[in-house]
Amino acid sequence: MTILDKEKVRPVEGTSVEFKDRLAKLQSLRDAGINPYPNDFKAADTCGKVGNDCGNATKEELEAKEIRVSIAGRIMAIRDFGKASFVHVQDRSGRLQGYIKKDILGEEGYALFKKLDTGDIIGFEGRLFRTRTGELTAEISRLRLLGKGLHPLPEKWHGLVDVEARYRQRYLDLMVNPDVREVFLKRTAIVRFIREFLSGREFIEVETPMLQPIAGGAAAKPFTTFHNALGQELYLRIAPELYLKRLIVAGLERVFEINRNFRNEGVSTQHNPEFTMLEFYQAYATFEDMMDLTEEMISSLAMQLHGSMKVDYQGTTLDFTPPWKRITVRDAVLEYSNADKAIFDDKAAALAFSKTLGLTVPKGLSHGKVIQEIFEKTAEHEFIQPTFVTHYPLEISPLARKNEKDPSLVDRFELLVNGKEIANAFSELNDPVDQRDRFEGQLKERAAGDVEAHEMDEDYCRALEYGMPPTAGEGIGIDRLVMIMTNSPSIRDVILFPLLKK
RNA sequence: GAGCCGCUAGCUCAGUCGGUAGAGCAUCUGCCUUUUAAGCAGGUGGCCCCGGGUUCGAGUCCCGGGCGGCUCACCA
């Protein structure tokens with residue numbers, strides 16, 4: 001491009017004064033024969049390791065030992081005194097201060113330093129000492145630029161605050177806001193903990209299709225897509241459930257999957273269109289076994305993360321010490337509303353009661369669904385401390401096993417924490433004839449206008465016809481669990497790149 | 001999808017009754033060899049989210065739109 005092409009030079013992001021200054025510095029480095037983007041520097045140490053190893057060493061010990069370190073990282077701050085300067089360098093493990101002295105680095109080295117800015121990636125070698133103010137610091141004797149940054153960093157004191165910028169440029173958020181990094185490190189620790197917990201109980205981790213010809217396993221609106229070569233419409237999965245249970249049929253007996261689900265629904269502080277779900281299935285277990293396992297898993301997770309089973313969430317102390325409260329949907333509704341027992345036996349009574357609550361129930365809604373609506377309106381939000389709510393209506397649980405004593409209910413629970421659903425589990429329906437009937441029922445609801453009712457899955461029915469052992473299965477919303485464990489108010493705070501409008 | 005709030009320099013934010021666009025940090029120049037929100041002095045930097053309207057005059061008032069946040073609805 002030449003000056004004559006002026007017309008074509010369009011203002012682009014990054015034409016700030018700083019950007020131009022840095023471009024000029026970049027050019028002058030190149031002119032001086034310095035590659036601003038080399039890749040041959042290997043750091044022997046990390047800031048965190050240096051801090052751990054030498055954080056307690058006294059000034060005298062450091063003088064005596066002559067400890068040399070090499071570090072690679074990003075310059076987060078520069079304090080310039082003319083012929084000497086301090087920098088803070090950040091790597092994956094933390095920060096370390098470097099002291100840059102013209103006497104030690106020499107004219108040439110110091111000239112290079114003068115062309116560096118906050119945000120640049122550097123590598124250095126230096127000898128550890130303690131400054132007058134007591135900070136462990138490396139006296140830099142060799143300095144390399146490893147990557148020039150052209151944009152200025154967000155403000156050092158406030159960091160990046162603008163919520164939209166934090167989500168759209170998460171790399172900046174993570175770079176300058178240590179709390180944010182902490183949340184995502186915890187997220188990783190939580191997922192690792194769950195993997196180890198389940199693996200330790202002989203569950204095997206599997207991966208099942210994300211692209212599915214039938215979007216089954218949950219009541220939700222799917223995303224659709226199209227496979228060109230096959231000329232076939234496909235769905236992004238709303239749940240892995242039906243595939244995981246095929247693996248139980250197959251004899252794997254204990255399986256789990258931690259992966260993304262996609263639901264074409266609203267976005268909120270509790271919902272992201274793609275979210276991470278843990279699902280696990282255990283043969284020869286019941287939903288009651290799942291409650292015990294869940295208590296153990298989450299309480300020990302809290303203990304590992306916080307050193308306590310009590311977790312602060314947005315000003316509320318959540319106590320995960322087992323055993324957790326267990327209550328049926330029926331008892332919960334009776335306890336938290338003035339409903340009459342009749343609503344559980346008489347759909348008309350349930351409908352009438354729902355009207356008194358201000359619910360607008362669409363015509364043709366099943367009795368069970370009305371009960372569910374009533375529960376959600378009156379009781380669900382009341383369960384702040386971890387609570388298993390059990391025995392949901394049959395009609396809203398087409399994949400769950402009927403309760404032996406009351407066939408209008410299923411052996412199912414949801415785990416509520418802070419009034420929100422964290423987990424959902426049931427003893428699985430393994431009677432293929434019953435399953436087929438339930439799918440038929442769903443088809444009728446679909447015909448009646450419920451777009452979230454299940455479709456018939458012939459192959460799943462056929463799998464059950466080969467015989468599935470009695471099994472219990474559970475799904476846990478990982479994002480919501482991470483929210484609780486990291487005291488995060490929005491699901492977007494625990495998803496690295498939440499969905500935003502273009 | 002609805003209601004409320006927000007959008008001003010790279011970042012964090014002021015901007016009064018409608019009257020020439022401001023600060024701190026960052027950046028640049030000068031001074032400064034143990035600072036840590038370093039300091040001192042002096043500069044540069046703006047499509048006030050976009051488009052209309054009212055007005056002699058709009059960052060400010062009105063209308064429409066965009067994006068984001070919160071609440072609600074749907075949902076996990």
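Chain identifiers are assigned alphabetically (A, B, ...) following the order of the sequence lines, protein sequences preceding nucleic acid strands; residue numbering begins at 1 within each chain.
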What I want to check is whether an N or O donor and acceptor connect the side chain of [X] with the base of [N] at under 3.5 Å.
{"X": "A:D103", "N": "B:U33", "value": "yes"}
{"X": "A:E135", "N": "B:U34", "value": "no"}
{"X": "A:R132", "N": "B:U34", "value": "no"}

Determine the Euclidean distance between corresponding [atom1] atoms of [M] and [N]; express it in Å to zero decimal places.
{"N": "B:A38", "M": "B:U27", "atom1": "P", "answer": "10 Å"}
{"N": "B:G46", "M": "B:A21", "atom1": "C1'", "answer": "8 Å"}
{"N": "B:U33", "M": "B:G39", "atom1": "C1'", "answer": "15 Å"}
{"N": "B:A37", "M": "B:U29", "atom1": "P", "answer": "25 Å"}
{"N": "B:A26", "M": "B:U12", "atom1": "P", "answer": "15 Å"}
{"N": "B:C56", "M": "B:G18", "atom1": "P", "answer": "16 Å"}
{"N": "B:C28", "M": "B:A9", "atom1": "C1'", "answer": "15 Å"}
{"N": "B:C62", "M": "B:C5", "atom1": "P", "answer": "11 Å"}

Checklist entry - Picking from A:R492, A:R187, A:Q270, what satisfies side chain to side chain donor-acceptor pair (under 3.5 Å) with A:D479? => result A:R187

Per-pair distances, 0.1 Å, donor-acceptor, side chain in residues 68-75 of chain A, under 3.5 Å, sequence neighbours excluded:
from, atom 1, to, atom 2, distance (Å)
A:R68, NH2, A:S141, OG, 2.8
A:S70, OG, A:A44, N, 2.7
A:R74, NH1, A:G119, O, 2.7

Checklist entry - Which is true for A:G475 with a 4.0 Å heavy-atom rule: it touches a base, it touches only sugar-phosphate, or it touches nothing? => result nothing

Checklist entry - If you look at every strand shown and take non-hydrogen atoms under 4.0 Å, does A:A219 touch a base, only sugar-phosphate, or nothing? => result sugar-phosphate

On the nucleotide [N], are OP1 or OP2 found under 4.0 Å from the side-chain N or O atoms that [X] carries?
{"X": "A:K101", "N": "B:U33", "result": "no"}
{"X": "A:R79", "N": "B:A38", "result": "yes"}
{"X": "A:R22", "N": "B:U27", "result": "no"}
{"X": "A:K25", "N": "B:C28", "result": "yes"}

Next on the checklist: Tell me which one of A:K245, A:R237, A:R195 satisfies salt bridge (charged side-chain N to carboxylate O under 4.0 Å, His left out) with A:E257.
Outcome noted: A:R237

Opposite nucleotide pairing with [N], Watson-Crick or G-U, both atom distances under 3.5 Å:
{"N": "B:U34", "value": "none"}
{"N": "B:A58", "value": "none"}
{"N": "B:G42", "value": "B:C28"}
{"N": "B:G51", "value": "B:C63"}
{"N": "B:U12", "value": "B:A23"}
{"N": "B:C70", "value": "B:G3"}

Checklist entry - How would you list, by chain and number, every residue that makes a side-chain contact (heavy atoms from CB on, under 4.5 Å) with A:R95, sequence neighbours excluded? => result A:M76, A:Q90

Just how far, in rounded Å, is [atom2] of [N] from [atom1] of [X]?
{"X": "A:M76", "N": "B:G10", "atom1": "CE", "atom2": "P", "answer": "20 Å"}
{"X": "A:N264", "N": "B:G1", "atom1": "CG", "atom2": "P", "answer": "12 Å"}
{"X": "A:H158", "N": "B:A14", "atom1": "NE2", "atom2": "C1'", "answer": "13 Å"}
{"X": "A:M175", "N": "B:A26", "atom1": "CE", "atom2": "P", "answer": "18 Å"}
{"X": "A:L499", "N": "B:C67", "atom1": "CG", "atom2": "C1'", "answer": "13 Å"}
{"X": "A:Q169", "N": "B:G68", "atom1": "CD", "atom2": "P", "answer": "14 Å"}
{"X": "A:I484", "N": "B:A76", "atom1": "CD1", "atom2": "P", "answer": "17 Å"}
{"X": "A:F19", "N": "B:U27", "atom1": "CZ", "atom2": "P", "answer": "16 Å"}

Checklist entry - Can you name the residues that form a side chain to side chain donor-acceptor pair (under 3.5 Å) with A:K114, not counting sequence neighbours? => result A:D80

Checklist entry - Among all residues two or more places apart in sequence or in another chain, which pass the side chain to side chain donor-acceptor pair (under 3.5 Å) test with A:N177? => result A:D173

Checking contacts here: which listed nucleotide ([options]) is nearest the side-chain heavy atoms of [X]?
{"X": "A:E18", "options": "B:G10, B:A76, B:C11", "answer": "B:G10"}
{"X": "A:T118", "options": "B:A26, B:U33, B:G10", "answer": "B:A26"}
{"X": "A:Y99", "options": "B:U34, B:U27, B:A76", "answer": "B:U34"}
{"X": "A:E421", "options": "B:G68, B:A76, B:G10", "answer": "B:A76"}
{"X": "A:D162", "options": "B:G10, B:U12, B:U34", "answer": "B:U12"}
{"X": "A:P152", "options": "B:U27, B:A76, B:A26", "answer": "B:A26"}

Item to check | Closest-nucleotide ordering on RNA chain B, the 5'-leading residue of A:F275 and A:V161 | outcome: A:V161

Under-4.0 Å salt bridge between [X] and [Y]:
{"X": "A:R144", "Y": "A:E125", "answer": "no"}
{"X": "A:K325", "Y": "A:E295", "answer": "no"}
{"X": "A:R260", "Y": "A:E274", "answer": "yes"}

Report, one pair per line, the protein and nucleotides 69-74 of chain B atoms (nitrogen or oxygen only) whose separation is under 3.5 Å.
from, atom 1, to, atom 2, distance (Å)
B:G69, OP1, A:R492, NE, 3.4
B:G69, OP1, A:R492, NH1, 3.3
B:C70, OP2, A:R492, NH1, 3.0

Checklist entry - Got a sec, which residues hit ring pair (Phe, Tyr, Trp, His ring centres under 6.0 Å) with A:F388, two or more places apart in sequence or on another chain? => result A:W324, A:F413

Checklist outcome for this item: Contact string for nucleotides 39-44 of chain B, one letter per nucleotide 5' to 3', B = base within protein heavy-atom range under 4.0 Å, S = sugar-phosphate only, - = neither, reads -----B

With a cut-off of 3.5 Å and sequence neighbours excluded, list every side-chain donor-acceptor pair involving residues 373-381 of chain A.
from, atom 1, to, atom 2, distance (Å)
A:E376, OE2, A:Q372, NE2, 2.7
A:T378, OG1, A:I374, O, 2.8

Next on the checklist: Quick check on B:C72: syn or anti? Syn means the glycosidic torsion is within 90 degrees of zero.
Outcome noted: anti

Next on the checklist: Applying the 5.5 Å / 30° rule, does A:F86 stack onto the base of B:U35?
Outcome noted: yes

Next on the checklist: Checking A:F426 against A:H391 for the ring-ring contact (aromatic ring centres under 6.0 Å, His included) test, could you report, in this order, the C-alpha distance in whole Å, the side-chain angles of both residues, the deciding distance, and whether it holds?
Outcome noted: CA-CA 9 Å; A:F426 36 84; A:H391 297 96; over 10 Å; no

Next on the checklist: Suppose the criterion is ring pair (Phe, Tyr, Trp, His ring centres under 6.0 Å): which pairs have a residue in residues 95-131 of chain A, not counting sequence neighbours?
Outcome noted: A:F86-A:Y99, A:Y99-A:F129, A:Y110-A:F113

